[in-house]
There are 2 protein chains.
Amino acid sequence: MSTAEETTGGEVEPWEEVTPDAARRLLVAAVEAFAERGYHATTTRDIAGRAGMSPAALYIHYKTKEELLHRISRIGHDKALDILRTAARREGTATERLADAVSSFVRWHAGRRTTARVVQYELDALGPEARAEIVALRRQVDAEVRGIIEDGVASGEFDVLDVHGTTLAVLSLCIDVARWFTVNGPRTPEEVGALYADLVLRMVGAQ
Amino acid sequence: MSTAEETTGGEVEPWEEVTPDAARRLLVAAVEAFAERGYHATTTRDIAGRAGMSPAALYIHYKTKEELLHRISRIGHDKALDILRTAARREGTATERLADAVSSFVRWHAGRRTTARVVQYELDALGPEARAEIVALRRQVDAEVRGIIEDGVASGEFDVLDVHGTTLAVLSLCIDVARWFTVNGPRTPEEVGALYADLVLRMVGAQ
DNA sequence: GGCTGCACTAAGCGCTCGCTCACCGTCGAC
DNA sequence: GTCGACGGTGAGCGAGCGCTTAGTGCAGCC
């Protein structure tokens, strides 16, 4: 598979859809703070301070601290789902599509680690309605990966006994990258993506 | 591999080493609360309440809330390391030892999910010295798994290009079980352990 | 130039947090 | 029977939390 064929890992400048500028600065500051310390350990004063504003400024653009997390989680899940959909619906064999999906999904989790951390690990901090909305997006994420694996099984490319369990394991492997990856580590997001694509193809018996 | 040959997943009654009884009740309550809500979102009043005691009682047995987390993390990491060491040092081929290590490690993460969650996801809430101590234990965990994989490569059983990266991925896969596993789910810890052992053997090219 | 609308701030409210302290009941040693 | 040791409680301290409110400065419009 050539580099040109691969979908991107989502490394374009993010949060450009958030306006006005002050709201975006607050949201970016919140992503950094939540990723670093966790939602509950982050104070609204810390978020406002990182954005160069007073604590009260936060409440002009967001009703509550939780709304900030909700917006981050929603946009992040949309992006993650978009990456997987792009890979799943391109042309090519199931093997190529699965490799593309895993490598781009992993590149996003490594390259945009702060966002991914918040998206994947702060779900429980959301209230019931917001959580339900995000859980629905996660089910779509799961369905995209499961679809590729089912295609590969149907075409005879893959040898998988437990499709649901294997889908779960593949996603789990990719998501956990956000926990351990650091920019100071020995691997680039691209290298981890390539390694993981290879490991996942082995998991589904594609080679 | 027969069931009798496998090492246990650590499903014996835990925390028996914590005495006196009140200190153990507080610690068990803290594990539940930390796993459910996270360290920072858990109050000392909640912990004491779950243990059937007044908030002040906590400070008779532990200096701070953080000391509780430290003790939990230390004991949990010791147990996890013990499980891996037992599997790594039994007799058998690298394939058998890796399958045993993964299935018992996964069974522990699924069966003792509350403990594993705290152990794996609340590391950052510890202070610098406590964190350094735990990080050292994690390096030993990594070394045990890497050792088995190196043995398998040396004996020709495994086909692995990047031993460090594959070790990381195997451990990551197992650890993330603590994030998604629920007792209400369709799989038992034993089933997940068996599935994951199979997937990991595929990842290292053992079959 | 005066007015309006609005992004933003300074100050602070009510509350809950981790933790402390003065006190209490029980129980073994003598 | 007395007493000290000790595990435990009720009340509350100082601090910091999420969030609010009254007021300020400034850009755009007539």
Side-chain angles (χ1 to χ4, degrees), chain A residues 15-73 118 122-131, chain B residues 15-73 118 122-131:
Chain A
W15 311 125
E16 54 192 7
E17 66 266 58
V18 181
T19 56
D21 183 68
R24 179 170 50 246
R25 271 159 47 219
L26 283 164
L27 191 133
V28 169
V31 170
E32 286 170 13
F34 291 163
E36 209 169 280
R37 305 206 222 292
Y39 175 79
H40 289 294
T42 298
T43 71
T44 54
R45 285 163 178 82
D46 181 27
I47 296 169
R50 284 172 192 249
M53 306 170 89
S54 76
L58 195 150
Y59 293 92
I60 295 165
H61 301 281
Y62 303 95
K63 277 210 300 292
T64 61
K65 178 180 151 186
E66 194 199 315
E67 191 195 322
L68 254 173
L69 176 61
H70 183 196
R71 291 269 263 268
I72 293 167
S73 195
V118 178
E122 300 293 348
L123 179 64
D124 290 345
L126 290 171
E129 324 91 60
R131 182 159 59 238
Chain B
W15 311 123
E16 54 192 6
E17 65 266 58
V18 181
T19 55
D21 182 68
R24 178 171 51 246
R25 271 158 49 218
L26 283 164
L27 191 135
V28 168
V31 169
E32 286 171 14
F34 291 163
E36 210 170 280
R37 307 205 219 294
Y39 175 79
H40 289 294
T42 298
T43 71
T44 53
R45 286 165 177 81
D46 181 26
I47 297 169
R50 284 173 193 250
M53 306 170 89
S54 75
L58 195 151
Y59 294 91
I60 295 165
H61 299 282
Y62 303 95
K63 279 210 297 291
T64 62
K65 178 180 152 185
E66 194 198 315
E67 191 195 321
L68 254 173
L69 176 61
H70 183 197
R71 290 269 263 270
I72 293 167
S73 194
V118 178
E122 301 293 348
L123 180 63
D124 290 344
L126 289 171
E129 324 91 60
R131 181 159 59 239

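Computed from a predicted model, the values in this text were never measured in an experiment.
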K.L.:
What is the separation between atom CE on Met53(B) and atom C1' on dT9(D), rounded to the nearest whole Å?
P.N.:
10 Å

K.L.:
Applying ring pair (Phe, Tyr, Trp, His ring centres under 6.0 Å), which residue pairs with at least one partner in residues 42-63 of chain B are found, sequence neighbours left out?
P.N.:
none

K.L.:
Walking along DNA chain C from 5' to 3', note the first and the last nucleotide with an atom under 4.0 Å from a heavy atom of chain B, and give both.
P.N.:
dC17(C) to dC21(C)

K.L.:
For the side-chain contact (heavy atoms from CB on, under 4.5 Å) test, which of Ile47(A), Val31(A), Thr44(A) pairs with Leu68(A)?
P.N.:
Ile47(A)

K.L.:
Return the set of residues passing side-chain contact (heavy atoms from CB on, under 4.5 Å) with Ala48(B) (not counting sequence neighbours), or none when no residue passes.
P.N.:
none

K.L.:
Listed by chain and number, what are the side-chain contact (heavy atoms from CB on, under 4.5 Å) partners of Pro128(A), not counting sequence neighbours?
P.N.:
none

K.L.:
Under 4.0 Å between a side-chain N or O of Thr44(A) and OP1 or OP2 of dG18(D)?
P.N.:
yes

K.L.:
Residues two or more places apart in sequence or in another chain: which of them pass side-chain hydrogen bond (donor to acceptor under 3.5 Å, both in side chains) with His40(B)?
P.N.:
none

K.L.:
Taking side-chain hydrogen bond (donor to acceptor under 3.5 Å, both in side chains) as the definition, give me every residue that meets it alongside Glu67(B), ordered by chain and number, with sequence neighbours left out.
P.N.:
Arg71(B)

K.L.:
For Glu36(A), which residues count as a side-chain hydrogen bond (donor to acceptor under 3.5 Å, both in side chains) partner, sequence neighbours excluded?
P.N.:
Arg50(A)

K.L.:
Can you list everything that forms a side-chain hydrogen bond (donor to acceptor under 3.5 Å, both in side chains) with Arg37(A)? Sequence neighbours excluded, please.
P.N.:
Asp46(A)

K.L.:
Ala35(A): what forms a side-chain contact (heavy atoms from CB on, under 4.5 Å) with it, not counting sequence neighbours?
P.N.:
Thr114(A), Arg117(A), Val118(A)

K.L.:
Which parts of residues 23-43 of chain B get close to DNA chain C, meaning a heavy atom less than 4.0 angstrom away?
P.N.:
Thr42(B), Thr43(B)

K.L.:
Pull out every residue in residues 58-69 of chain B that has a heavy atom closer than 4.0 Å to any atom of DNA chain D, ordered by number, or say none.
P.N.:
Ile60(B), His61(B)

K.L.:
Nearest heavy-atom pair of Ala125(A) and Leu69(A): which atoms, and what distance?
P.N.:
CB-CD2, 3.6 Å

K.L.:
Is there a donor and acceptor pair closer than 3.5 Å between the side chain of Arg45(A) and the base of dG18(D)?
P.N.:
yes

